[in-house]
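Values reported hereafter were calculated over all heavy atoms of this structure, with side chains retained and with hydrogens, waters and symmetry mates removed. Throughout, protein chains are lettered first and strands after them, A, B, ... in sequence-line order, and every chain is numbered starting at 1.
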Number of protein chains: 4
Amino acid sequence: MRGRILKESIDLFDKKGFSKTSIQDIIDTIGVTKGTFYYYFKSKQELLMDIHLNYIKELLAEQEVIFNDEYLSNKEKMNNLISLIIKNIKIHGKSARVFNREFRHLDDNQLKLINDYRKEFRIKLQKLLGEGIEKGEFRDDLRCDIVIFGILGMVNRSYNWYDPDGEVSEEELVNTYMDIILNGIKKEEKTALINEKIIENHFTV
Amino acid sequence: MRGRILKESIDLFDKKGFSKTSIQDIIDTIGVTKGTFYYYFKSKQELLMDIHLNYIKELLAEQEVIFNDEYLSNKEKMNNLISLIIKNIKIHGKSARVFNREFRHLDDNQLKLINDYRKEFRIKLQKLLGEGIEKGEFRDDLRCDIVIFGILGMVNRSYNWYDPDGEVSEEELVNTYMDIILNGIKKEEKTALINEKIIENHFTV
Amino acid sequence: MRGRILKESIDLFDKKGFSKTSIQDIIDTIGVTKGTFYYYFKSKQELLMDIHLNYIKELLAEQEVIFNDEYLSNKEKMNNLISLIIKNIKIHGKSARVFNREFRHLDDNQLKLINDYRKEFRIKLQKLLGEGIEKGEFRDDLRCDIVIFGILGMVNRSYNWYDPDGEVSEEELVNTYMDIILNGIKKEEKTALINEKIIENHFTV
Amino acid sequence: MRGRILKESIDLFDKKGFSKTSIQDIIDTIGVTKGTFYYYFKSKQELLMDIHLNYIKELLAEQEVIFNDEYLSNKEKMNNLISLIIKNIKIHGKSARVFNREFRHLDDNQLKLINDYRKEFRIKLQKLLGEGIEKGEFRDDLRCDIVIFGILGMVNRSYNWYDPDGEVSEEELVNTYMDIILNGIKKEEKTALINEKIIENHFTV
DNA sequence: GATGAATGAGTGTTCATTCAT
DNA sequence: AATGAATGAACACTCATTCAT
């Protein structure tokens, strides 16, 4: 029952927003009574916190798995991470949207905890970037924090517009983002492109 | 008075969120009574709509100015647009955050109108990109819509974390974003870099 | 309206008790809506506090008047005070019962304030007793605090059983209490005791 | 288990009041579940009734013992009764406070029964006083009912303020009360009464 | 004897909104 | 232009109680 309440709440919070979703809405959807809701959750806010914790903890766990794979370059890790985020939209898109939209309804203590987790995620990404720079995979003339904020902004926003059942495949989206992030959108001059080609060849060999 | 209500509402909606800000909060801040509020606004929602309209219309107007400048390349127009957005954080950050967070509280008709404006902004950007591609300024092997969504995600998110009074200057932020967008973060191989240099020289000449 | 709410609330709190009286009960009695109640009172508890403050402040004011009358002996002042309490049952009996029964529903801060006032009332009575002892009006071999607690217990309980419209007149009740109290705590002179007999004899004849 | 529930309930009802104590509070304190509570008690109100019945029945039984002691004068019986009440504060103070505060939460039938017992206790005391008057132990010019209400008010209130572990010993409290009461209602000796007249005359002049 | 999931009526409270003045 | 008393629907939440196991 607890699980069902969580699931339906996420649905409704995604569809209508936290403040416009009443406990009544939730229990009506499930077909139970108020008492049942409060048997499983102390308050509406605690339910929201639960959703947040579930989401960020799973995300951190998945991030950890990717980061710990020693056979991957930092570039590849970043690619996999973006892929992870995009591919999760289908399964966890609702949670993700709730997570990214409704955290303002948490109280101060809850918010602090969630923001610590958020930061943890960002800092790890930053470290990934930093290591990649040291290894010569990434440029060393950009502020890491800004770059990461930029990448996260770009990728995370997908939750708000990307339809996994639409005409753009997940692969194309991931590849496009990675391409922009790695190479930029500027058209290279001929010579540059040639060399780029060589590099690419050299690289993939 | 109307202006004061708008101003204080934006402040409060930014600080506490739309649903957690009551009319009472607003009028207490200003020091008037309920009747006054309803003399100037039909409803709380109409006030929110007003804020949205003011924001998006001004943004579109400023976009228009930049786009109509025939002395700028598309690359430069994009740079100026990003600069516009970042520099607006100091003056219009509150409005922007309200605009990007609270639109879910508009009713269907209002939301449709706002979304049309939003789309107009995005489509214009997309056209800018498209023209740039035709002129050879930008790569032609990426989907325009995805690229624009990516860029907007990256830049717009700044409203949520960027502190214009912090250690990063607006110029640095704009340049970093433009650099990532145009060139990417991948470290170029020597030969590539050399050619890049040439391009840059060629470019600035 | 505020006054009406106060009045009807006291009635209901006296009749049914604070916790069993709902806001709904109160507004139904008056014929207004919930909003009206909350326009005048921040909460049910604040209403209760208001009742308490009104009651104790008026009581203290009346105590003050009696105490400041310099033409009265301490014995007479005590008599007048008891008379005041008993005679108030008709007009303020409901308030008094609410005051003496429902204070446990106040929160800690409210309760502290009310208890300070309560204590003030008691301490003043104690001073009255102390002065009377010094002037030889009362016995000096009893603890003032206990005596006052005893007197207050005796007199205050009347709110719970005394019916001002019943067969016992207010005068008789006051006189009986004073008689019990005075002839108990009054310093008996040897000679005095002898003469008392004469009166009694004379009286009963 | 039944006993534990009773004990903890009295504790909680004394500390927080009946209406503010939930079944949940009670079972949490004991460490059992709701079912257990309802296995032993039909309802919360029945539990309250149980507490009331236990209390008043024991009190009546103890009253009975004192009253049936044929070696005691009525004066002594009254003294012992007051002593009984005061000394009980240490052991039964919580029950007594619950009994004197929470009876309003009983339903009509329960309340009627409890009030009958209460009355029985009072009437017996009144009879004790009446017999004492006949035997010349107490004054005969005061209404018995009022006197008993007064005495009970005085003594019973002790439950609300008297701390058996404080600086005033139980003996001192009992003696003070008895002193106040007895020397008030006690029939004065001949010689003593004669002198009173003189004082009074002297006084009013 | 004891569990604990589920009930559902009821509670205090909030708040956007109206309207006579 | 502005007031502020009054509305009333909605809300989050509580809690004594039931009952299948």
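- Rounding to the nearest 0.5 Å gives a distance of 5.0 Å between CZ of C:Arg101 and CG of C:Asn160.
- Distance alone, capped at 3.5 Å, places no donor-acceptor pair between the B:Asp11 side chain and the B:Glu8 backbone.
- DNA chain E is contacted by B:Thr21, B:Ser22, B:Ile23, B:Lys34, B:Tyr38 of residues 10-39 of chain B, taking any non-hydrogen atom closer than 4.0 Å.
- The separation between B:Gln45 atom CD and E:dT17 atom P is 8 Å, rounded to whole Å.
- Using bins of under 30°, 30° to 60° and over 60° for the plane-to-plane angle, the ring pair D:Phe18/D:Phe13 lands in the perpendicular bin.
- In this structure, C:Tyr159 and C:Tyr55 have perpendicular ring planes: the angle between them is above 60°, well past the 30° mark.
- Heavy-atom nearest nucleotides on DNA chain F were determined for C:Tyr40 and for B:Tyr40, and the one closer to the 5' end corresponds to B:Tyr40.
- Separating the CD1 atom of A:Ile5 from the P atom of E:dT7 is a distance of 10 Å, rounded to the nearest angstrom.
- Distance check, rounded to the nearest 0.5 Å: OG of D:Ser9 to NZ of D:Lys44 gives 9.5 Å.
- Taking atom NE2 on B:His105 and atom C1' on E:dC15, their separation rounds to 14 Å, with Å as the unit.
- A salt bridge links B:Lys112 with B:Asp116: the distance from a Lys NZ or Arg NE/NH1/NH2 to an Asp or Glu carboxylate oxygen falls below 4.0 Å.
- The only member of A:Asn88, A:Asp14, A:Ile10 that meets side-chain contact (heavy atoms from CB on, under 4.5 Å) when paired with A:Ser95 is A:Ile10.
- Using bins of under 30°, 30° to 60° and over 60° for the plane-to-plane angle, the ring pair B:His52/B:Phe103 lands in the perpendicular bin.
- Taking a pair as Watson-Crick or G-U wobble with both distances under 3.5 Å, DNA chain E forms stems of 3 or more consecutive pairs at E:2-21 with F:2-21.
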